Amino acid sequence: MKLFNSLTMQKEEFVPIEEGKVRLYACGPTVYNYIHVGNARPLIMFDVLRRYLEYRGYEVTFVQNFTDVDDKIIKRANEEGLTSKEISEKYIAEFRTDSRGLGVHEATVHPKATENIEQIISLVETLIRKGYAYEVNGDVYYRTAKFEGYGKLSHQPLEDLQAGARIDVADIKENPMDFALWKAAKPDEPYWESPWGRGRPGWHIECSAMSNRYLGETIDIHCGGQDLIFPHHENEIAQSEAANGCKFVNYWMHNGFISVDNKKMSKSLNNFFTVREAAGVYGYDSIRMFMLMSHYRSPLNYSGDILTQANNALERLSTAKANLDFFAENGVDGEMTAAEREVAEGLGKYRTRFCEVMDDDLNTADAVAVIFELVREINAAVSPASNPTKALSKACAEIFDELAGVIGLPIAKKEESLELEVEKLIEARQQARKAKNFAEADRIRDELKAKGIVLEDTPQGVKWKRQ
RNA sequence: GGCGCCAUAGCCAAGUGGUAAGGCAGUGGACUGCAAAUCCGCGAUCCCCCAGUUCAAAUCUGGGUGGCGCCUCCA
């Protein structure tokens, strides 16, 4: 399996530290607002990574943090007259609702920054002791000039980063590039006692501390959005490697941006759509399908139109699955025919191709294409005209579910039953059709359609679905 | 200014040296009482432009054009 590593800017063969196990860390949200569609991309794509690793037999420990102490949370809390804790808890709950909606599995651990203060303080102390950090008036800063590899992830020498840095006139730091590990508490801010007085952690240090606590000093994969490369991930490397004296992360993975009218979707540009509102109009499933249809590193332009396209594509897959379910129940009993056996035996090739493309840096666009090709073959083999056996229908459903499950394709679930009233109408329509009273049959069909039930006639019986 | 990314049919999107996947939309046919779904067929003589390397380039090299991102909180 090959993964593109941002550190080396190349696709590399993935070799875990410990055979059969993967230690995976993803930077989670700062919980002060609903997540937007841009935030959903890493969530979905790294969920796919995790699922695929598990599919390939790895035992994955997946850690995703919540940043629950931060300037923005404090600001939001003040605006709403609530405490930081109330704000962060509210938006953690909202985050979980959206994650679930998007089909994202829970991480193994979801640590919170505020529950790791002890680890953070200890890490800062280590950095000070080793000369990588210094205290000024209750703040603690990282001494970037001391860390030799600074800039290796963003591939920029320190001087160039420095040239672009904003210089605060009243800056108390030794170097403009130095960043805060610990911030002295201002009035009305949440704080914790520390060797440097009351304060709270800076943003970057929490990921180093939690990654170390839950996954160890060196981890396999660390992922996040491209905008985290600098400064966040660069700083994590500086902190963790200086403190532990060993490599922090073997593979860095970064997803591309979602844009709106070709401008990066971001909170600062205020051109974002929350997942909640997009899902309200187009459904959570459309959002996931939209992401799966392209490669995780390519830029992606968001529009309502494109979500509609994604939804239509998904519809074809859901219809195929419903068809398989229908024939698993209404198909012919007994053994497969010779021709069917040939089809069933050939299905494995889709699994092989699926794995080939997924092994190539998680090419979900190709993986989806493979599933569409599978669907075309299945639709031809399992149809009213082919009058298939239940056995073939089940064999097809099995591989379809397997592959769709690996990338979490949001296929509509089968509904077991209909309201009695609707069943009666369907039966009445069948009688009318038998009597060649097509006017009445069509009237009933229209009536059901108005209720959101769409009918399809087949020699094996009536199929129905909800619109 | 430094570093990096992107440009493929109406739309979305793979492919990155061997002669253009897949999807959406559209359209012709089969099937159907009619429909719906499905299946079969149709769409880029060509992958932003120019030059070069090569037996061979959308794919490599050089030069353009257009768009975007990071360098500051941001997935």
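Note that the structure is a prediction, hence the values are computed from the model and not measured. Throughout, protein chains are lettered first and strands after them, A, B, ... in sequence-line order, and every chain is numbered starting at 1.
Closest approach to the A:R445 side chain among B:C73, B:C68, B:C34 is made by B:C34 (side chain taken as heavy atoms from C-beta onward). Residue A:Q156 has its side chain nearest to B:C70 when only B:A14, B:C70, B:A37 are considered. Side-chain proximity of A:P299 to the nucleotides B:C11, B:C71, B:C6 is greatest for B:C6.
Separating the C1' atom of B:U19 from that of B:G62 is a span of 24 Å, rounded to the nearest Å. Rounded to whole Å, the separation between the P atoms of B:C46 and B:C3 comes to 37 Å. To the nearest whole angstrom, the two C1' atoms, one in B:A14 and one in B:U53, are 27 Å apart. Annotation: B:C48 and B:U16 have their P atoms spaced 16 Å apart (nearest Å).
Annotation: the span from A:K11 atom NZ to A:L3 atom CG amounts to 10.0 Å, rounded to 0.5 Å. A:H204 contributes atom NE2, which lies 10.5 Å from atom OG1 of A:T67 (distance to the nearest 0.5 angstrom). A distance of 12.0 Å separates NZ of A:K463 from CG of A:L455, quoted to the nearest 0.5 Å.
Put simply, A:N379 has a side-chain N or O that comes within less than 4.0 Å of OP1 or OP2 on B:C39. Side-chain nitrogen and oxygen atoms of A:K463 include none within less than 4.0 Å of the OP1 or OP2 phosphate oxygen of B:U38. A sub-4.0 Å separation between OP1 or OP2 of B:G15 and a side-chain N or O of A:N363 is present. Side-chain N/O atoms of A:K263 include one lying less than 4.0 angstrom from OP1 or OP2 on B:C68. Taking 4.0 angstrom as the limit, A:T319 places none of its side-chain polar atoms (N or O) nearer than this to OP1 or OP2 of B:U38. Remark: A:K264 is not in phosphate contact with B:A75, judged by side-chain N or O atoms under 4.0 Å from OP1 or OP2.
Of the charged side-chain nitrogens involved, at least one lies within less than 4.0 Å of a carboxylate oxygen, so that A:D47 and A:R288 count as a salt-bridged pair.
Side-chain contact between A:R41 and A:S294 is present, with heavy atoms from C-beta onward closer than 4.5 Å.
Look at CG on A:D227: it is 7 Å from P on B:C70, rounded to the nearest Å. Regarding A:F230, its CZ atom lies at a distance of 13 Å from the P atom of B:C70, rounded to whole Å. Regarding A:W252, its CH2 atom lies at a distance of 18 Å from the C1' atom of B:G4, rounded to whole Å. Atom CD in A:Q460 sits roughly 19 Å away from atom P in B:A36 (whole-Å rounding). In this structure, A:H254 places its NE2 atom 15 Å from P of B:C5, rounding to the nearest Å. Spacing between atom CE of A:M9 and atom P of B:C70 amounts to 17 Å, rounded to whole angstrom units. We find that CG of A:N262 is positioned 10 Å from P of B:G67, with the value rounded to whole Å. Atom CD in A:E440 sits roughly 20 Å away from atom P in B:A35 (whole-Å rounding).
By the 30° and 60° cut-offs, the orientation of the rings of A:F147 relative to A:Y142 is perpendicular.
Residue A:K414 qualifies as enclosed at atom NZ: its count of foreign heavy atoms under 6.0 Å is above 12.
If you check every strand for non-hydrogen atoms under 4.0 Å, A:G38 touches a base. In this structure, A:R429 reaches the bases: a heavy-atom distance under 4.0 Å links it to at least one base atom across the strands shown.
Counted by atom type alone, A:D361 and A:Y296 present one or more donor-acceptor pairs between their side chains at under 3.5 Å. Counting only N and O atoms by type, the side chains of A:S208 and A:E236 include no donor and acceptor under 3.5 Å apart.
Where A:H295 and A:L455 each meet RNA chain B at their nearest nucleotide, the meeting point lying more 5' is that of A:H295.
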Subject >> Summary of protein contacts for nucleotides 20-25 of chain B, nucleotide by nucleotide, where a base hit scores B, a sugar-phosphate-only hit scores S (4.0 Å, heavy atoms) >> reply: -BSBSS
